[in-house]
Amino acid sequence: AAKGAGRNRFSYFTPALQVAALNRMRLTNDLRSAIKGDQLKLYFQPIVHLKTGRIVKAEALLRWQHPQRGLVSPLEFIPLAESSGLIVDIGQWVFNESIRWVQRWRRGVHPEFQVSLNQSPVEFQREGGSYDVWLRALRQLDVPGQAIVVEITEGLLLDASTMVTDKLLQLRDAGIQVALDDFGTGYSSLSYLNKFDIDYLKIDRSFVRNLAPDSSDMALSEAIIVMAHKLGLHVIAEGVETAQQRDLLAAAGCDYGQGYLFDKPLPAEEFDALLHARSAVLAVQ
Ligand code: C2E
Ligand code: MG
Ligand code: MG
Ligand code: MG
């Protein structure tokens with residue numbers, strides 16, 4: 001009986017783990033061909049200046065159109081890209097696409113338009129990687145560093161090595177700005193806000209979700225906004241889904257909003273059309 005139970009336990013747990021591991025391996029292999037096979041798509045989500053309602057920035061968000069599985073979430077494939085090292089090529093592809101688009105939008109829509117890019121900690125800390133390739137690409141297209149914002153997360157700054165510090169300085173030297181993504185969800189040690197040159201705080205959508213007058217999330221959001229402004233940072237609220245959330249944030253002095261209220265992440269071409277339609281309306285007014 002003991003033997004039987006042992007075998008049962010074995011057969012119950014191991015196949016599930018094997019299936020998961022196999023699944024990851026397959027997906028990683030598919031990801032390798034996705035880069036070459038035109039399956040990665042860059043989406044853009046508007047970031048709106050709350051006082052004027054204008055779209056002045058966009059966050060680049062990666063999508064993978066898998067031939068069999070359909071749309072795979074970045075939450076699923078970015079970790080695979082990191083562990084396999086594919087993140088380097090993927091990140092470079094995202095960068096190249098982004099600067100092509102931002103060049104067009106700065107020329108055609110808004111001279112100070114910015115595109116915001118996500119850099120995962122593994123990506124940011126990868127060995128030997130420097131931003132030389134980025135800087136060369138920017139120069140080739142004659143796009144200033146100011147057109148780009150790099151989004152990093154708090155964890156990266158908490159145990160910042162000299163490599164992290166050097167890279168942040170490299171970005172700064174090139175005029176590239178830095179945003180702290182998902183602010184408030186990590187370790188929330190505030191001392192690093194002074195230590196590093198950061199331009200934007202993105203209030204995580206978990207605070208925005210329950211915003212109501214006199215709620216504790218309202219108090220927290222207000223405090224973050226006041227603190228950020230005193231330190232010379234601008235604030236972007238993530239996950240704005242309702243007009244009430246937008247109005248409360250605007251009243252609290254929040255600078256920018258991003259979320260389904262304004263628009264979902266859109267395929268680059270659709271976002272481009274939206275931007276041009278909006279700027280045409282502004283030109284007529
Ligand atoms: P993130 O950087 O915090 O991006 C914001 C996420 O919130 C996006 O999810 C976006 O679609 C979603 N979102 C925006 N507005 C709303 C809203 O009003 N309500 C709700 N419920 N969600 C909203 P997405 O596109 O699935 O991306 C997930 C994460 O994957 C990103 O979180 C980012 O960490 C990562 N990611 C996406 N693209 C890239 C990339 O090119 N490189 C790297 N390293 N990571 C990426
Ligand atoms: Mg982000
Ligand atoms: Mg975020
Ligand atoms: Mg977030």
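First listed ligand is number 1; within each ligand, the first listed atom is number 1.
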The Mg ion (ligand 2) -> Glu59, closest N, O or S atom is OE2
Between Asp255 and Val235 (side chain of the first, backbone of the second, donor and acceptor by atom type, cut-off under 3.5 Å), is there such a pair?
yes
Apply salt bridge (charged side-chain N to carboxylate O under 4.0 Å, His left out) to Glu151 and Lys202, showing your working.
CA-CA 9 Å; Glu151 299 193 5; Lys202 298 192 77 170; 2.7 Å; yes
Assess Lys167 against Phe124: is NZ or CZ under 6.0 Å from the centre of the six-membered ring, and within 45 degrees of the ring's axis?
yes
With a cut-off of under 6.0 Å to the ring centre and 45° to the axis, is Arg63 in cation-pi contact with Tyr43?
yes
Does the Glu59 side chain pair with the main chain of Val115, one donor and one acceptor, at a distance under 3.5 Å?
no
For Glu123, take its heavy atoms, then give the atoms of ligand 1 lying under 4.0 Å from any of them.
44 (N)
Between Asp89 and Arg32, is a salt bridge (charged side-chain N to carboxylate O under 4.0 Å, His left out) present by the stated rule, with each step listed?
CA-CA 10 Å; Asp89 285 346; Arg32 221 177 296 273; over 6 Å; no
Would you mind running through ligand 1 and noting each atom that sits below 4.0 Å from a heavy atom of Glu241?
17 (C), 18 (O), 19 (N), 20 (C), 21 (N)
Would you say Arg209 touches ligand 1, if touching means a heavy atom closer than 4.0 Å?
no
Of all the atoms in ligand 1, which lie at a distance below 4.0 Å from a heavy atom belonging to Gly239?
16 (C), 17 (C), 18 (O)
Are Tyr200 and Leu233 packed together at the side-chain level, in the sense that at least one heavy-atom pair is separated by less than 4.5 angstrom?
no
When you measure from atom 34 (O) of ligand 1 to each heavy atom in Ile152, Val94, Asn118, which option holds the nearest one?
Asn118
As a test of reading the structure, name the N/O/S atom of Asp181 that is nearest the Mg ion (ligand 2).
OD2
Option of least heavy-atom distance to atom 7 (O) of ligand 1 (set: Glu97, Glu238, Arg205, Glu151)
Arg205
Contacting atoms of ligand 1, where contact means under 4.0 angstrom from a heavy atom of Gly259
15 (N), 18 (O)
Around Met25, counting heavy atoms of other residues, nucleotides and ligands shown, do more than 12 lie under 6.0 Å from its CE?
no
Measuring from non-hydrogen atoms of Gln45 to any atom of ligand 1, is the shortest distance under 4.0 Å?
yes
For a 4.5 angstrom cut-off between non-hydrogen side-chain atoms, does Ile148 reach Gln177?
no
Provide the atom name of the closest N, O or S atom of Glu151 relative to the Mg ion (ligand 2).
OE1
Does Glu59 have a heavy atom less than 4.0 Å from any atom of ligand 1?
yes
Taking just the N, O or S atoms of Glu238, which one is nearest to the Mg ion (ligand 3)?
OE2
I'd like to know if the Mg ion (ligand 2) has an N/O/S atom from Asn118 within less than 2.8 Å of it, counting both backbone and side-chain atoms.
yes
Heavy-atom neighbours of Asn23 CG exceed 12 at 6.0 Å:
yes
Let me check your reading of the structure: within less than 2.8 Å of the Mg ion (ligand 3), is there an N/O/S atom from Asp182?
yes
Per-atom contacts of ligand 1 with Arg63, taking only distances under 4.0 Å to non-hydrogen atoms:
11 (O), 24 (P), 25 (O)
Is the distance between the ring centroids of Trp105 and Phe271 under 6.0 Å?
yes
Would you mind telling me if ligand 1 is within reach of the side chain of Ile78, the backbone, both or neither, using heavy atoms under 4.0 Å?
side chain
